[in-house]
Amino acid sequence: MASVIESNMTICDKRIRVTADLREDGTVGIRIESDCDALKGFAENLKSVTMDDITSFETSRINREDVRGNMSMICTAPIMVYQAAWMECGMLSRRIYPKMGPITIDMGGEE
């Protein structure tokens, strides 16, 4: 069963859906769907990742400029790829993750 992570990027009014599925060869297939034109290149460039890609941030293909293309630095899509792949590999609980509620980034209160 594939692992799916969804995000509603309210800051730019775009939606992202990342699906990860573990393949027999040990790689993780990645499908990125979004209504954001800037993510089309990322989706085309990142069809699969290896265990090294999801466990070593510094050398990961997910972070490479030629893979990311012209997406915004603050886009959550790369982190969503990590989370979906981790879930698919058993590094995040498939049962607990959905119960934890949404991950949010909120502006701090006025000081």
Side-chain angles (χ1 to χ4, degrees):
M1 178 170 77
S3 297
V4 178
I5 304 286
E6 296 179 341
S7 175
N8 180 10
M9 289 287 296
T10 56
I11 197 165
C12 58
D13 197 31
K14 301 295 181 190
R15 295 188 173 273
I16 307 166
R17 178 183 175 107
V18 175
T19 304
D21 62 286
L22 190 58
R23 297 177 176 166
E24 287 184 18
D25 65 0
T27 63
V28 179
I30 300 294
R31 187 172 72 241
I32 301 166
E33 302 166 274
S34 179
D35 56 349
C36 176
D37 289 338
L39 286 180
K40 287 182 180 171
F42 186 55
E44 291 172 9
N45 292 332
L46 197 67
K47 299 286 187 185
S48 68
V49 293
T50 65
M51 283 299 288
D52 192 50
D53 290 326
I54 64 172
T55 58
S56 178
F57 191 82
E58 295 82 19
T59 60
S60 177
R61 288 183 51 248
I62 300 165
N63 301 318
R64 287 185 18 200
E65 188 175 343
D66 62 325
V67 173
R68 291 175 60 103
N70 67 343
M71 76 168 65
S72 169
M73 285 178 73
I74 64 169
C75 183
T76 61
I79 298 302
M80 293 171 66
V81 170
Y82 283 106
Q83 290 181 348
W86 279 25
M87 186 180 300
E88 187 63 11
C89 293
M91 298 163 64
L92 283 176
S93 172
R94 205 182 283 270
R95 184 178 55 82
I96 295 173
Y97 190 89
K99 294 179 182 179
M100 298 310 296
I103 297 170
T104 63
I105 300 173
D106 300 315
M107 293 183 62
E110 290 185 35
E111 293 183 26

As a quick check of understanding, evaluate side-chain hydrogen bond (donor to acceptor under 3.5 Å, both in side chains) for Asn8 and Thr10, giving each step before the final call. CA-CA 6 Å; Asn8 180 10; Thr10 56; over 6 Å; no
For the hydrophobic clusters of this structure (ILVMFWY residues joined by side-chain heavy atoms under 4.5 Å, transitively), does one cluster hold both [X] and [Y]?
X	Y	value
Trp86	Phe57	yes
Met1	Met80	no
Val67	Ile74	yes
Leu92	Val28	yes

Steps toward side-chain contact (heavy atoms from CB on, under 4.5 Å) verdict (Ile96, Met100): CA-CA 7 Å; Ile96 295 173; Met100 298 310 296; 3.7 Å; yes
Are [X] and [Y] close enough that some pair of their side-chain heavy atoms sits under 4.5 Å apart?
X	Y	answer
Ile54	Ser60	no
Leu46	Val81	yes
Arg17	Ser7	no
Glu33	Ile16	no
Val49	Thr27	no
Cys89	Leu22	yes
Gln83	Ile79	yes
Cys75	Phe42	no

Does any N or O in the side chain of [X] come within less than 3.5 Å of the main-chain N or O of [Y], such that one atom is a donor and the other an acceptor?
X	Y	value
Asp35	Arg15	yes
Arg68	Leu39	no
Arg61	Asn45	yes

Hey, are Thr50 and Asp52 close enough side-chain-wise for a donor-acceptor pair under 3.5 Å?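 No, because no side-chain N or O of Asp52 sits under 3.5 Å from a partner of the opposite role on Thr50.
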Met9 side, atom CE; Ser72 side, atom OG - distance, nearest 0.5 Å: 7.0 Å
Ser3 versus Ala84, closest heavy-atom pair with distance: CB-O, 3.6 Å
All heavy atoms of Val18 vs all of Ala77, minimum pair found to be CG2-O, 4.4 Å
Got a sec: does the CG of Asp66 have more than 12 other heavy atoms crowding it under 6.0 Å? yes
My understanding is that only one of Thr55, Asp53, Asn63 makes a side chain to side chain donor-acceptor pair (under 3.5 Å) with Tyr82; could you say which?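 The side chain to side chain donor-acceptor pair (under 3.5 Å) with Tyr82 is passed solely by Asn63 among Thr55, Asp53, Asn63.
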Would you call Arg94-Glu88 a salt bridge at under 4.0 Å N-O? yes
